[in-house]
Amino acid sequence: MAGGMELGTVSRGFRSMFFMLTPNESSFQKVEAVPQYVEQATPFFIGLMVLELLVGVLKTGGSVVTISDGLTSISAGMVSRLPMLLMRGCELSAYMYVWDHYHLVELPWDSAWTWWLTFLGVDFCYYWVHRFAHEVAVLWAAHQVHHSSEYYNLTTALRQSLTQQFTSWIFYMPLALALPPSIFAVHIQLNLLYQFWIHTELIRDLGPLELIFNTPKHHRVHHGRNLYCIDKNYGGILIIWDRIFGTFASETDKVIYGLVFPIRRFEILHVQFHYYLYLWKKSKIYKTIIHKLATFFNGPSWKPGKSRLGDHDDNPKVTGKEVPHDPSWSMPLQVYVVIHFLLVLGTYHELIENKMMLSQLTVLGMTCYILLTLTSLGFIIDQRPRAASLEMLRCVIMVTMHRYSYIKPFLPLLAVPTEAFVSLSLLYWALQSCSQLLSIKRKAA
Ligand SMILES: [Zn+2]
Ligand SMILES: [Zn+2]
């Protein structure tokens, strides 16, 4: 019986990745009863990423993902979910508040009509969340994270913004006047999950489905920095919104992925925050308050004298021969980074699983530790001069936390990783001492 139950859960989990759940099995009366579809999807994320890697090797003879880029993307996915350890998602919290105080009608939670209407409403609002995220520079500062990879594979889907959630909720509020929070809580998750599988180059064309649905083909265009790709194909599950509002483009020339000005960095906090700093510096160039404000609220390409969205012709031209940035780093360092990344992934997983049993202080401490680890690994990938000292500091913190049982629930589980940390850190330190031999130098920016 337990086996049967488990099979049902697995099947539902798998289908939730492709918007293949029925209203019947995904309607709930109370928000508390709504499954954590996104958190439960981790095994499917990993399974599909491994599948893509294998199929990619068979099909192209090479790897569709690199260690530096793939780990940076998965790290961004982890970082973006960290605020949810301390509070319910912003979107859902705000939604429940508006519903409790201002809802005009109460559509029945157990009707398929309500379910389908919520699906359409969430997907429509997502289109506008996404379009504003591209057309308003300060919102783009958050969303550019998702576009910062020069590769396009399933790991790119996980490269999510930490700060976007703090503004995107506003766009969903009109729905809270009529549609129950419990159904919204389902669709806000299914909409996000659907967008995972479309981040692949291995699926070329899906025939008639391309007319209605957002597909790998359409979303590749969205990630392109070719002139014909800029500000196109914002849809979440449906592509019809782009066709209606005139932002649709179909895939023609070879798509070159990433930002118009590629960041060529893998350090996680830089990926998340560099554009805010850029905007601040850009605004300081202008003398008038109007121009300063326009820097933040017009499009990212805007300049004085241009229209709201600026002129994309001014941006660097794509030749089609661009090669994605992949740092050259030694094999021992790659092995070291991958092992430590897997260890911190384990810590992250434990934290998510046990968050209800831990004090806020412990959750905060672990969160800081995860951020520090991901930053330090990014320093190593970017081969920054301070990488070795930051990494040593991190290992000391790790051992101290272990020694003082700060992270008690994980103690047995962390005994082996801690051993590994210490021995590998010593190995790393030895390797760093021979850095001339390994010719680790930070390339001049
Ligand atoms: Zn986008
Ligand atoms: Zn995307």
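Atoms within a ligand are numbered from 1 in the order they appear, just like the ligands themselves.
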Answer yes or no: is there an ion pair linking Glu201 with Arg220, defined by an N-O contact shorter than 4.0 Å? no
Has His222 got an N, O or S atom lying less than 2.8 Å from the Zn ion (ligand 2)? no
Between NE2 of His199 and NE2 of His219, what angle is found at the Zn ion (ligand 2), rounded to 10 degrees? 100°
Work out the angle at the Zn ion (ligand 1) between NE2 of His130 and NE2 of His143, rounded to 10°. 90°
His134 backbone or side-chain N/O/S under 2.8 Å from the Zn ion (ligand 1): yes
Going by the angle between their ring planes, with limits at 30° and 60°, are His146 and His223 parallel, tilted or perpendicular? perpendicular
So, for Phe266 and Pro327, which heavy atoms are closest and what is the spacing to 0.1 Å? CE1-CD, 3.4 Å
Tell me if the CD1 atom of Ile290 is crowded by more than 12 foreign heavy atoms within 6.0 Å. no
Can you tell me which N/O/S atom of His146 has the shortest distance to the Zn ion (ligand 2)? NE2
Would you check if the distance from the ring center of Tyr97 to the ring center of Trp169 is below 6.0 Å? no
